[in-house]
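Take a look at the structure set out below.
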Amino acid sequence: MANKLYKPILIDSIKAGENLEKQRFIGFDGKTCTAGAKALGVCDVETEKDQYAPVGVMGILLVEAGGNITAGDEVASDSDGRAVTVARTELPNGFALDSAEEGDVIRIVRGI
């Protein structure tokens with residue numbers, strides 16, 4: 001499979017409140033985003049607790065899928081910070097640019 005293009009427009013950093021995995025939604029508290037919560041962005045690299053993690057906040061970002069997603073779906077965070085299709089009670093964190101199954105890495109767009 002070809003590599004997917006990553007085109008961040010804005011990258012910020014946040015002090016990791018726990019060990020963070022790359023390509024997962026990160027909350028405003030520096031921890032993995034909880035299910036249905038609003039995310040600060042997507043963690044770019046694995047980061048140890050108390051280190052500063054680069055977080056893609058806006059642009060085309062790469063995130064791991066937590067279930068089946070169709071291109072164009074609004075995506076939210078699951079309890080592991082992975083992208084899932086938005087349900088009625090979840091806050092959206094972007095739009096999927098790729099279709100995926102659980103475990104795939106997809107492109108999402110944030111900030112539109």
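These numbers come from a predicted model, not from an experiment.
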Heavy-atom distance under 4.5 Å between the side chains of Lys4 and Leu62, does that happen here?
yes

Heavy-atom closest pair (Ala83 atom, Val75 atom, distance to 0.1 Å) is CB-CB, 4.2 Å

same_hphob_cluster(Ile14, Phe28) at 4.5 Å side-chain heavy-atom cutoff:
yes

As a quick check of understanding, evaluate side chain to side chain donor-acceptor pair (under 3.5 Å) for Glu18 and Thr32, giving each step before the final call.
CA-CA 8 Å; Glu18 63 187 14; Thr32 302; 2.9 Å; yes

Nearest non-hydrogen partners of Phe25 and Arg110, listed with the distance:
CE2-NH1, 4.3 Å

Pairwise distance CG(Asn19) to CG(Asp50) - rounded to 0.5 angstrom:
9.0 Å

Between Gly67 and Val84, which heavy-atom pair has the shortest distance, and what is it?
N-CG1, 4.3 Å

State, yes or no, whether a side-chain contact exists between Thr34 and Ser77 at a heavy-atom distance under 4.5 Å.
no

Would you call Val86 and Pro92 a side-chain contact if the rule is heavy atoms closer than 4.5 Å?
yes

Heavy-atom pair with the smallest gap, counting every atom of Phe95 and Glu74
CE2-CG, 3.1 Å

If you round to the nearest 0.5 Å, how far is NZ of Lys15 from NZ of Lys49?
9.5 Å

Do Leu97 and Met58 sit in the same hydrophobic cluster, where Ile, Leu, Val, Met, Phe, Trp and Tyr count as joined when their side-chain heavy atoms come under 4.5 Å apart?
no

With sequence neighbours left out, which residue pairs that include part of residues 80-100 fulfil the side chain to side chain donor-acceptor pair (under 3.5 Å) condition?
Asp73-Thr85, Asp78-Arg82, Arg82-Glu102, Asp98-Arg107

If you define the side chain from C-beta out and look only at heavy atoms, does anything of Ile106 sit under 4.5 Å from Val63?
yes

For residues Tyr6 and Gly56, report the shortest heavy-atom separation together with the two atoms involved.
OH-CA, 4.4 Å

Pairwise distance CD(Gln51) to CD(Glu46) - rounded to 0.5 angstrom
13.5 Å

Taking every heavy atom of Ala65 against every heavy atom of Ala100, the minimum-distance pair comes out as CB-CB, 4.0 Å

Distance col, row Thr47:OG1 vs Lys22:NZ, nearest 0.5 angstrom, shows 11.0 Å

Do Ile69 and Leu61 sit in one hydrophobic cluster, given that two such residues count as connected whenever their side-chain heavy atoms are within less than 4.5 Å of each other, even indirectly?
yes

Same apolar cluster: Leu40 and Val42, side chain cutoff 4.5 Å
no

Determine whether Ile26 and Leu20 make a side-chain contact, defined as any pair of heavy atoms from C-beta on separated by less than 4.5 Å.
yes

Any chance you could measure Cys33, atom SG, to Arg24, atom CZ, to the nearest 0.5 Å?
12.0 Å

